[in-house]
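Convention: sequence-line order gives letters A, B, ...; per-chain numbering from 1.
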Protein chains: 2
Amino acid sequence: MTLKLDKVNRGPHLSTLVASSISREIAQGRLKPGDQLPTEQALATTFGVSRNVVREAIARLRSEGRIWSQQGRGAFVADAANATVLTIDYETLQRADSFRNLFELRGMLEVQIAALAAARRSDADIAAMEEALDGMRTAPYGSVAWLKNDLGFHRAVAEATQNPYMGQFLVFVSERVRESILAAGNQQKSDDMARTTLGEHERILAAIKAGDAKGASAAMTRHLAGAASRVGLPGGEASAKPASPARHSRLRKAVRGQAAG
Amino acid sequence: MTLKLDKVNRGPHLSTLVASSISREIAQGRLKPGDQLPTEQALATTFGVSRNVVREAIARLRSEGRIWSQQGRGAFVADAANATVLTIDYETLQRADSFRNLFELRGMLEVQIAALAAARRSDADIAAMEEALDGMRTAPYGSVAWLKNDLGFHRAVAEATQNPYMGQFLVFVSERVRESILAAGNQQKSDDMARTTLGEHERILAAIKAGDAKGASAAMTRHLAGAASRVGLPGGEASAKPASPARHSRLRKAVRGQAAG
DNA sequence: TCTTGTCGTGTTATCATACAACCCTGATTG
DNA sequence: CAATCAGGGTTGTATGATAACACGACAAGA
């Protein structure tokens, strides 16, 4: 009865379908934290699959911290806070507002990271940034090599904070942003864009090199504004809360500013 | 002929052990992206477990985007960028510098989030914050209810940004921080701390209520600095210089003990 | 009545085997 | 030479069995 098994597309594996189905039950509150799941046998017959498949699905959910199980007792829904992994599934990525929200989160991270990096960078960090920048110079705009070096530059900045989590989070978010861009498709490239983008990166690097935290975050803000407009991010848009304009973060200004230029 | 797997402790499930073992091979570069994994049968005999266990481990790694497999061909190591989940394993959490770095990341998020929240908050958001604050007033400092409402307050702030990813990321990071604190154990509590903490929260709420973004981030900054000192961390604010790791020997020592769920 | 020990049942964890679906390769055949 | 097809290897799924464990029922003893 609880099975829905609606044509889940992604992943031809039955275990994937079962896992998403159970996951959905939890997300929609039909299975609350503490509730006991049906037995593996019951789930197997319910879904019409073998118990083995159910076990793979449960193993997956358990690794995500969504459920926990104990031999001899059963499987139970875990507290949402106990999730040990942060995951953004592909479906929600394809929604338009997801892209904007992700971009905003990324911007928030980047701007702060740039400031920290300017204060803490080592010579090796600078070298890594310069190497990535060189890679971008020799690769055609938008090519795989270009994107790789672009990400590499930002990762180098993040690593210059000497805080490994900065890079970890930033790369994760950036990758989701990139996927989102790819999902949306359609973007035009030009040599002009390449020059502009490179210039933005160079200004960031210069500020970090000089140890100028304020300048670094300002340069990063400009870069993000430019990047937003290059990927055609609709700025100052309806669903964004029309909030008090004058006084808030540069991030917001960045998102809004790209509409103008 | 039982498993020989090196010392892995956490997770009584064999599939967990196998998964972390393979995961470690990937992390340490002994299995590079594109490489083909041994066959399931081979892995089964290598680890001394049944093929079923290996399949559960692989299902888990596949769901994390670390590997991909195709029927009839085999399983292959995926590009690191393709990881669909962000995970911080329990072991690294127990290192003292992990705690400091996580706290710094959390602070970076919170300060920006507070500013955004002040600009975008709705009445419902304000109500949620006040409810959480009330919950903190009636609960003893440091109790489960207190912590729950504390997190609830911060989550409400994050949700006031109208950007769901903010809350998602913040809660994730905060939970890791909390785990880290629990792992360290023995915090001393006092009524004084309760009052101070409550006051900090109230100032944050007031600024957000007033739509004062600058004030909100300033209040949040003060709160984080206070929280940092309360958990025995020097300088909560995003300071320019990386804190010296040597300062935290007390934390590191305490970390040895297991966390109580 | 209360405690304690035992047992049976249900559940998960693991094992073992078999078959189906699929990919790749190489030989066969037109 | 090209197309086809047979075979082995690999993953995906199904099935049945056994071990480990949790939990309640129940009887024996104090």
Side-chain angles (χ1 to χ4, degrees), chain A residues 2-3 5 7-23 25-26 31 34-78 82, chain B residues 1-5 8-23 25-26 31 34-78 82 261:
Chain A
T2 52
L3 81 164
L5 246 311
K7 282 312 166 195
V8 196
N9 37 11
R10 176 169 167 74
H13 300 72
L14 288 183
S15 62
T16 303
L17 305 187
V18 174
S20 344
S21 194
I22 297 176
S23 202
E25 297 288 312
I26 296 176
L31 279 174
D35 285 359
Q36 180 167 10
L37 271 72
T39 69
E40 296 179 347
Q41 193 61 48
L43 286 172
T45 60
T46 301
F47 285 109
V49 299
S50 81
R51 186 168 157 240
N52 218 320
V53 170
V54 172
R55 279 197 60 78
E56 282 183 23
I58 287 185
R60 175 172 163 169
L61 294 175
R62 189 172 44 219
S63 87
E64 294 175 0
R66 290 192 153 86
I67 68 175
W68 58 274
S69 61
Q70 190 176 358
Q71 183 173 160
R73 290 188 61 189
F76 303 84
V77 180
N82 281 21
Chain B
M1 139 146 136
T2 50
L3 65 167
K4 190 179 64 154
L5 307 201
V8 202
N9 35 11
R10 172 164 170 78
H13 301 72
L14 289 183
S15 61
T16 303
L17 305 187
V18 173
S20 17
S21 192
I22 297 176
S23 201
E25 296 288 310
I26 296 176
L31 279 174
D35 285 358
Q36 181 167 9
L37 271 73
T39 70
E40 295 179 350
Q41 193 61 51
L43 286 172
T45 60
T46 300
F47 286 110
V49 299
S50 82
R51 188 176 153 228
N52 219 318
V53 170
V54 172
R55 279 196 60 78
E56 281 184 24
I58 287 185
R60 173 172 167 172
L61 294 175
R62 189 172 43 220
S63 87
E64 294 176 359
R66 289 193 155 86
I67 68 175
W68 59 275
S69 60
Q70 191 177 356
Q71 183 172 167
R73 289 187 61 191
F76 304 85
V77 180
N82 283 22

Rounded to the nearest Å, what distance is computed from the CZ atom of residue A:Phe76 to the C1' atom of nucleotide D:dC23?
11 Å
Does B:Arg51 make a side-chain donor-acceptor contact with the base of D:dG12, cut-off 3.5 Å?
yes
Whole angstroms only, please: what is the CG-C1' distance between B:Leu43 and D:dT11?
12 Å
Rounding to an integer number of Å, can you tell me how far A:Ile67 CD1 sits from C:dA13 P?
9 Å
Is the distance from OP1 or OP2 of C:dT9 to the nearest side-chain N or O of A:Arg73 less than 4.0 Å?
no
OP1 or OP2 of D:dG12 versus the side-chain N and O atoms of B:Ser69: is any pair under 4.0 Å?
yes
Measure CD/A:Glu40 against P/C:dT14 and give the value in whole Å, please.
10 Å
Grab the NE2-P distance between A:His13 and C:dC22 for me, whole Å please.
12 Å
Taking for A:Gly72 and for A:Ser15 the nucleotide of DNA chain D with the nearest heavy atom, the one nearer the 5' end belongs to A:Ser15
From CD of A:Glu56 across to C1' of C:dA13 the rounded distance in Å is 14 Å
Any Lys/Arg nitrogen of B:Glu64 or B:Arg60 sitting under 4.0 Å from an Asp/Glu carboxylate oxygen of the other?
yes
Between CD of A:Gln41 and P of C:dT9 the distance, given in whole Å, is 18 Å
N or O in side chain of A:Gln70 less than 4.0 angstrom from D:dA22 OP1/OP2:
yes
Using whole Å, report how far CG of B:Leu37 lies from C1' of D:dT10.
13 Å
Between B:Glu40 and B:Ser69, does the side chain to side chain contact (heavy atoms under 4.5 Å, CB included) criterion hold? Intermediate values first, please.
CA-CA 11 Å; B:Glu40 295 179 350; B:Ser69 60; over 6 Å; no
Set out, in order, the CA-CA distance, both residues' side-chain angles and the distance that settles side chain to side chain contact (heavy atoms under 4.5 Å, CB included) for B:Ser50 and B:Val53, then state yes or no.
CA-CA 6 Å; B:Ser50 82; B:Val53 170; 3.8 Å; yes
Between A:Ile67 and A:Ile26, is the side chain to side chain contact (heavy atoms under 4.5 Å, CB included) condition met? List the steps.
CA-CA 10 Å; A:Ile67 68 175; A:Ile26 296 176; 3.9 Å; yes
From C:dA16, C:dT12, C:dT14, nucleotide with atom closest to B:Val53 side chain:
C:dT14
Look at A:Ser50 and D:dT13 and indicate whether a side-chain polar atom (N or O) is within less than 4.0 Å of OP1 or OP2.
no
Could you please spell out the steps behind the side chain to side chain contact (heavy atoms under 4.5 Å, CB included) verdict for B:Leu37 and B:Ile22?
CA-CA 9 Å; B:Leu37 271 73; B:Ile22 297 176; 4.0 Å; yes
D:dA14, C:dT12, D:dT11: which one has an atom nearest the side-chain heavy atoms of A:Gln71?
C:dT12
